[in-house]
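These notes are about the structure you will find just below.
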There are 2 protein chains.
Amino acid sequence: MIQLDATFAALADPTRRAILARLTEGPASIAELTKPFDVSQQAISKHVAVLDRAGLVRKRREGRISRCELDAAPLESAADWIAHYKSFWAAKLDRLETYLNTQAENQDGEAS
Amino acid sequence: MIQLDATFAALADPTRRAILARLTEGPASIAELTKPFDVSQQAISKHVAVLDRAGLVRKRREGRISRCELDAAPLESAADWIAHYKSFWAAKLDRLETYLNTQAENQDGEAS
DNA sequence: GAAATCCACAACCATATGGTTGTGATGATT
DNA sequence: AATCATCACAACCATATGGTTGTGGATTTC
C-alpha cells in the first residue's frame, strides 16, 4: 500500500521522529519546531511537508504562522502491519526453547 | 536511533515488505524470492541486502544458494516506538467525543 | 507606512535509492 | 570435463532525499 510506504518513509528520519515527539506536547509553529535543531527553517518546513503528505501532521495556516498538529492515525496501520510479525519474534524464542529441550532429551543417556 | 532509521527505511518499500511476508512462510533462496516479482534477480538481491543490513533477514550461504530467513526481532523496537503514540490517536477520538457532547449540550433545545 | 517576523518557493548540490545490464565466481549436475 | 544454476559485484542511469542559500509574499507590530 502506498499509504504504508509514505508512513514508514516518513518515520525513517530521526529529525522527523523528533518533530513528531515534540508535537505530542501540543501544536507548534514551524519556528518553534525549528529551534531545537541545527538546521534551517526551510529544512524543517520540508520535513513537516513530508509528514503532512504522510498524514502524520496536519498543517494549518493561521495568519502568519503555520500551526502544526500531530495526527497519529496513520500509525495505526503501520502498527497493524508490524503486529502481523509479532508471532515471529515470539516463535523464534519458542524454537530456541524447543531446541534446548530437545538437546536436553537427546543427551539423556543418548548421543545424537 | 540508527537502528530505527534502518528498520523503518527497510519497511518503506513494498517489494521488501512482500519479501518479508513471503519469508513468514519459511526460508527461501534468492531465486525463490525473485519469482513472484517482475524485476531482476540482482534487484531482489539488493533488497535482501537492505533487509539483511536492517537485521530483518538473516542470509546464509549454503553452497550455491543463499538461504534467507526472517528475523522479526528489530520490528519489536519499531512497534515499541509506534506504541508510544497510541494514546494520541485514541485521544483524538476522545476529543471528538467531548466536542460532540459539548455540541449536544449547547444545542439542548436549540436547532442548528 | 515601515520594519520585523514567519513561512514556503525555487534553484542548486551531494548523496542515496531502485532499477537495469554485463559479467564472473562458485557450486551442482550430467 | 563441460554445462547449468545461483548469486553478487560493478558500472551505469534516473529519480528522490536532505540539506543549503536566495528570495519574496503575507501578516504582525511599531
Side-chain angles (χ1 to χ4, degrees), chain A residues 1-23 26-70 74 78, chain B residues 1-23 26-70 74 78:
Chain A
M1 292 191 182
I2 286 174
Q3 173 60 32
L4 272 184
D5 288 21
T7 304
F8 282 130
L11 295 181
D13 185 277
T15 301
R16 283 194 292 265
R17 288 200 304 277
I19 289 175
L20 291 180
R22 161 64 185 81
L23 289 180
S29 69
I30 299 288
E32 286 167 347
L33 292 177
T34 300
K35 267 175 203 159
F37 300 101
D38 199 24
V39 297
S40 64
Q41 163 262 314
Q42 291 91 331
I44 298 297
S45 189
K46 278 182 166 186
H47 278 305
V48 171
V50 171
L51 291 167
D52 189 40
R53 265 180 266 126
L56 290 164
V57 160
R58 289 191 345 251
K59 191 171 55 168
R60 195 175 63 194
R61 203 66 192 256
E62 285 186 352
R64 157 174 77 164
I65 74 147
S66 269
R67 189 168 182 276
C68 304
E69 196 172 357
L70 178 64
Chain B
M1 294 168 194
I2 285 175
Q3 173 60 33
L4 272 183
D5 287 21
T7 304
F8 282 130
L11 295 180
D13 185 276
T15 302
R16 283 195 292 266
R17 287 201 304 276
I19 290 176
L20 291 180
R22 162 64 185 81
L23 289 180
S29 69
I30 298 288
E32 286 167 347
L33 292 177
T34 300
K35 268 174 201 158
F37 300 101
D38 198 23
V39 297
S40 64
Q41 162 261 314
Q42 291 91 329
I44 299 297
S45 189
K46 278 182 167 188
H47 278 305
V48 171
V50 171
L51 291 167
D52 190 40
R53 265 180 266 126
L56 289 164
V57 160
R58 289 192 345 250
K59 191 171 54 168
R60 195 175 64 195
R61 203 66 192 256
E62 284 187 354
R64 155 173 79 164
I65 74 148
S66 269
R67 190 167 181 276
C68 304
E69 195 172 356
L70 178 64

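Below, read A as the first sequence line, B as the second, and so on, with proteins coming before strands; counting in each chain starts at 1. Source: prediction; values computed, not measured.
Applying the 3.5 Å distance criterion, the base of C:dT26 shares no donor-acceptor pair with the side chain of B:Arg64. Under 3.5 Å, the side chain of B:Gln42 and the base of C:dG22 form at least one donor-acceptor pair of N or O atoms.
Between B:Glu62 and B:Ser66, the side chains place no donor N or O within less than 3.5 Å of an acceptor N or O (distance only, hydrogens not considered).
If you check D:dG18, D:dT20, C:dG18 against the side chain of B:Arg16, the one that comes closest is C:dG18. Of the candidate nucleotides D:dG18, C:dC7, D:dA8, D:dA8 has the atom lying nearest to any side-chain atom of B:Ile30.
Along DNA chain C, the nucleotide nearest to A:Ile65 and the one nearest to A:Lys46 differ in position, and the one closer to the 5' end is contacted by A:Ile65. Of the residues near DNA chain D, A:Asp13 and B:Arg67, the one whose nearest nucleotide (by heavy atom distance) lies more toward the 5' end is B:Arg67.
Taking side-chain N and O atoms only, B:Ser45 has a distance below 4.0 Å to OP1 or OP2 of D:dA8. Under 4.0 angstrom from either OP1 or OP2 of C:dA8 there lies at least one side-chain N or O belonging to A:Ser66. Listed pair B:Lys59 / D:dA8 meets the phosphate criterion, a side-chain N or O lying under 4.0 Å from OP1 or OP2.
B:Ser40 comes within contact range of at least one nucleobase, with a heavy-atom separation under 4.0 Å.
Taking CG from B:Leu20 and OG1 from B:Thr15, the interatomic distance works out to 11.0 Å, rounded to the nearest 0.5 Å.
Straight-line distance from the CD atom of B:Glu32 to the C1' atom of D:dC7: 13 Å, rounded to whole Å.
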